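Data first, discussion second: the structure below is written as structure tokens.
Residue numbers start from 1 in every chain, and the chains themselves are labelled A, B, ... in the order their sequence lines are given, proteins ahead of strands. For clarity, every value in this text was computed on a predicted model and none was experimentally measured.
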2 protein chains.
Amino acid sequence: MGQGSSSVSEEPGRRRTIRDVAKAAGVSIATASNALNGMGRTNAETRERVRRIADEIGFRPNALARSLLTRRSHSIGIITNDTYGRLTLPMSAGVSEALVDHGVSAFLCATNNDPRLAQLHLEALLDKQVDGIIFTATRLDLTPPVDLTRLPIPVVYAFAIGPETAPTFIPDDAQGARLAVRHLQERGYRRILHITGQEDYLAARLRAEAYRDLAGEQAEVMFGAWSEEWGHEAVRRLISSGRPRPEAIFCGSDEIARGVIDSLRDHGLKVPEDVAVVGFDNWQVVAAQTRPPLTTVDMELKELGRRAGLAMLDLTRGLPVAPGITRLPCSLVTRRSCGLA
Amino acid sequence: MGQGSSSVSEEPGRRRTIRDVAKAAGVSIATASNALNGMGRTNAETRERVRRIADEIGFRPNALARSLLTRRSHSIGIITNDTYGRLTLPMSAGVSEALVDHGVSAFLCATNNDPRLAQLHLEALLDKQVDGIIFTATRLDLTPPVDLTRLPIPVVYAFAIGPETAPTFIPDDAQGARLAVRHLQERGYRRILHITGQEDYLAARLRAEAYRDLAGEQAEVMFGAWSEEWGHEAVRRLISSGRPRPEAIFCGSDEIARGVIDSLRDHGLKVPEDVAVVGFDNWQVVAAQTRPPLTTVDMELKELGRRAGLAMLDLTRGLPVAPGITRLPCSLVTRRSCGLA
DNA sequence: TTGAAAGCGCTAACAT
DNA sequence: ATGTTAGCGCTTTCAA
């Protein structure tokens with residue numbers, strides 16, 4: 001009843017517990033807990049008082065204690081093989097965006113594809129009772145460096161293809177490729193060439209296939225490395241082959257596109273007047289800096305991460321989530337490499 | 001004593017607890033705990049048996065329960081304003097590398113510089129009882145979007161300058177710049193120009209200052225944007241000014257260097273024969289792709305992260321850690337833009 | 001509406 | 001060397 005007992009602020013270093021709140025409000029711990037979380041079970045007046053006091057003394061519930069009881073840690077793990085950041089950071093920013101409002105935080109584990117490291121990280125995550133794990137990689141068809149199929153918690157795959165039973169979110173590479181090719185065709189470009197990366201990458205095959213479907217008879221795919229250098233080399237071969245040159249080139253990555261554009265210029269060919277070029281990735285540092293700036297396909301990685309985060313949220317709440325692959329649409333960012341908008 | 005009671009595997013879904021281990025081993029919970037963690041306090045034979053059984057039934061201690069008692073969560077938070085990844089991911093990979101062997105995991109919080117988001121993340125971290133926070137940013141002189149100075153836990157700054165009382169790890173920009181300039185001078189280049197980014201970036205000023213100290217009378221700094229375009233523009237100005245052209249150009253970033261190199265080529269100047277170029281960042285996608293490949297300064301971000309992680313480890317153990325700025329050496333990666341090795 | 005009590009899984013005195 | 005007990009901070013029956 002007495003409220004003045006300022007014995008609350010003894011031991012200034014210690015964090016306030018619900019005990020402190022209860023004492024200061026002159027109620028029991030249970031009532032304090034109810035007032036802070038429960039709905040309706042407490043007298044409105046009491047509830048207000050408890051909440052006000054909790055606020056005043058700066059009470060914040062210990063999530064560890066709560067989790068121990070509720071068996072939900074409100075944290076998840078993101079396991080990635082990416083150590084470079086281009087894909088993983090936008091993705092996990094998207095994941096966090098979906099989770100942070102629900103008080104869920106994400107442990108980021110960079111494995112560098114090392115099984116030992118991956119195992120270590122996984123054990124730490126499991127011990128910390130994460131509610132789920134999101135696996136993400138630098139290529140769709142990468143096998144996780146550690147077995148994720150027998151875990152007691154849900155696993156979601158993002159930019160990586162998991163087993164059929166697990167929700168998997170990947171960019172719709174075929175749709176992205178169609179976006180690019182159609183964009184070129186709509187502007188009147190007919191003979192379109194596709195210069196892309198390694199054929200053993202699923203993404204490369206998916207894009208090439210979609211391209212072939214649209215490009216007609218003259219469809220021609222040049223597989224190579226995912227590098228600027230390959231862009232140069234491919235153009236060099238093209239020119240020296242003496243064949244009629246394509247009206248447009250759809251590139252499998254912005255880096256390749258950059259090589260292509262530079263090489264085209266070296267050969268006295270103007271982009272887009274002589275040859276139009278489209279890229280794939282919308283990797284700012286590359287796409288915005290080509291001359292002219294590159295029209296390219298954006299995989300919407302942040303949105304991809306957000307969707308993966310949302311799925312994880314549902315999963316941890318016991319809600320049903322469709323297993324299997326969900327392909328998320330890519331968008332086209334138009335700059336100047338296929339003529340003016 | 002009877003050990004055969006295979007009642008252990010009731011409820012297959014539930015995770016094993018130390019209770020299960022104790023029961024299966026026919027000892028008390030305390031003894032089981034001691035056998036698993038304590039040193040010496042238990043009979044060697046018992047210890048072995050307990051450990052073996054724990055292993056067999058797949059027991060893993062619940063870190064939440066342990067943390068509640070020990071007041072160490074073995075997790076930390078990394079708060080970054082970077083949503084792009086170039087700096088943050090290598091850094092936090094370094095942090096993790098230092099921590100993972102000690103069972104410490106890192107929550108990654110991308111704030112996008114939004115105070116609301118930062119506050120949200122911070123509260124979640126604090127509630128989860130993280131042992132410490134590492135703040136990191138895309139520029140040294142960035143003010144955190146949320147107050148980090150009154151926290152009950154240690155804060156370490158990495159690639160961001162904190163208050164004097166906090167351990168701060170940043171690259172030694174001056175030393176990096178000297179590395180670049182000396183490298184040029186050792187190869188006989190005399191008139192060296194410095195083209196760099198925005199003057200209001202501390203890093204730009206630090207590098208420019210170090211450059212001026214070494215470059216002698218003809219030292220000249222051109223501040224501008226951190227972009228490839230500025231590299232082009234700067235060279236254009238240089239040429240059209242009609243002044244004698246420099247023998248070498250030290251650039252404040254790889255992107256600027258790329259613009260410079262391309263522009264030089266456009267003007268018919270050969271790198272390194274006519275003008276040598278050095279960059280700063282060693283950002284693979286840029287530095288390895290210039291023609292010729294770029295000799296550049298590497299800030300050793302992963303090592304920086306590792307050091308920050310190590311400092312955090314000490315701090316959470318109550319060991320003394322020197323407050324204030326620690327500048328970590330940069331290294332020079334030689335490619336071909338200043339002549340052959 | 002409120003409080004007493006049990007207990008999440010574990011560690012750490014203390015007693016045996 | 002081992003077991004008993006208390007308790008970390010919280011939620012949740014169940015009784016009052």
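- Partner B:Ile161 forms a side chain to side chain contact (heavy atoms under 4.5 Å, CB included) with one of B:Ile170, B:Thr143, B:Leu142 and no other, that one being B:Ile170.
- Rounding to whole angstrom units, CZ of residue A:Arg72 and C1' of C:dG9 are separated by 19 Å.
- When the P atom of C:dG9 is taken as reference, atom NZ of B:Lys23 falls 12 Å away, rounded to whole Å.
- When the side-chain nitrogen and oxygen atoms of B:Asn34 are compared with OP1 and OP2 of D:dA1, none of them lie within a distance under 4.0 Å.
- Distances shown here put a side-chain N or O of B:Ser33 below 4.0 Å from the OP1 or OP2 atom of C:dT11.
- The side chain of B:Leu69 lies closest to D:dC8, out of C:dT2, D:dC8, D:dT11.
- Distance CG (A:Asn62) to P (D:dG7): 18 Å, rounded to an integer number of Å.
- The distance from atom NZ of B:Lys128 to atom P of D:dG9 is 19 Å, rounded to the nearest whole Å.
- Using a 4.0 Å cut-off, some side-chain N or O of A:Arg71 falls inside it from OP1 or OP2 of C:dG9.
- A:Arg19 has a side-chain polar atom (N or O) that falls below the 4.0 Å cut-off from OP1 or OP2 of D:dC8.
- Distance CZ (A:Arg66) to C1' (D:dC8): 16 Å, rounded to an integer number of Å.
- Of all heavy-atom pairs spanning A:Ser92 and A:Ile78, the tightest one is CB-CD1, 3.5 Å.
- Residue contacts for B:Leu64: at a heavy-atom cut-off of 4.0 Å it reaches no nucleic acid atom on any strand shown.
- Each of D:dG9, D:dG3, C:dG9 was ranked by its minimum atom distance to the side chain of A:Thr17; first place goes to D:dG9.
- Counting only heavy atoms from C-beta on, B:Ile18 has its side chain closest to C:dT11 among C:dT11, C:dT2, D:dA1.
- Residue A:Val27 has its side chain nearest to C:dG3 when only C:dG9, C:dT11, C:dG3 are considered.
- A:Thr46 comes within contact range of the sugar-phosphate backbone alone, with a heavy-atom separation under 4.0 Å but no base atom that close.
- For the OP1/OP2 pair of C:dT1 and a distance below 4.0 Å, the side-chain nitrogens and oxygens of A:Thr42 include no atom meeting the criterion.
- Across C:dG9, C:dT11, C:dA4, the shortest atom-to-atom separation from the side chain of A:Ser28 is found for C:dA4.
- For the pair B:Gln129 CD and D:dC8 C1', the computed distance is 11 Å after rounding to whole Å.
- The listed nucleotides are D:dG9, C:dG9, C:dT11; the one nearest the side chain of B:Thr70 is C:dT11.
- Counting to the nearest Å, the C1' atom of C:dC8 and the CG atom of B:Asp20 are 14 Å from each other.
- For B:Arg72, the CZ atom counts as densely surrounded, since its 6.0 Å shell holds more than 12 non-hydrogen atoms of other residues, nucleotides or ligands.
- A side-chain donor-acceptor contact under 3.5 Å links A:Asp20 to the backbone of A:Thr17.
- Whole-Å rounding puts the B:Leu36 CG to C:dG9 P distance at 16 Å.
- Residue A:Ala30 places its side chain closer to C:dG3 than to any other of C:dG3, D:dG9, C:dT11.
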Would you please test A:Arg317 and A:Asp131 for salt bridge (charged side-chain N to carboxylate O under 4.0 Å, His left out) and show each step? CA-CA 10 Å; A:Arg317 287 170 171 166; A:Asp131 300 328; over 6 Å; no

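- For A:Ile29, taking side-chain heavy atoms from C-beta onward, the closest of the listed nucleotides C:dC10, C:dG9, D:dT11 is D:dT11.
- With A:Ser33 contributing its side chain and A:Ile29 its backbone, the two residues share no donor-acceptor pair below 3.5 Å.
- Closest to the side chain of B:Asn37, out of C:dG9, C:dT11, D:dC10, is C:dT11.
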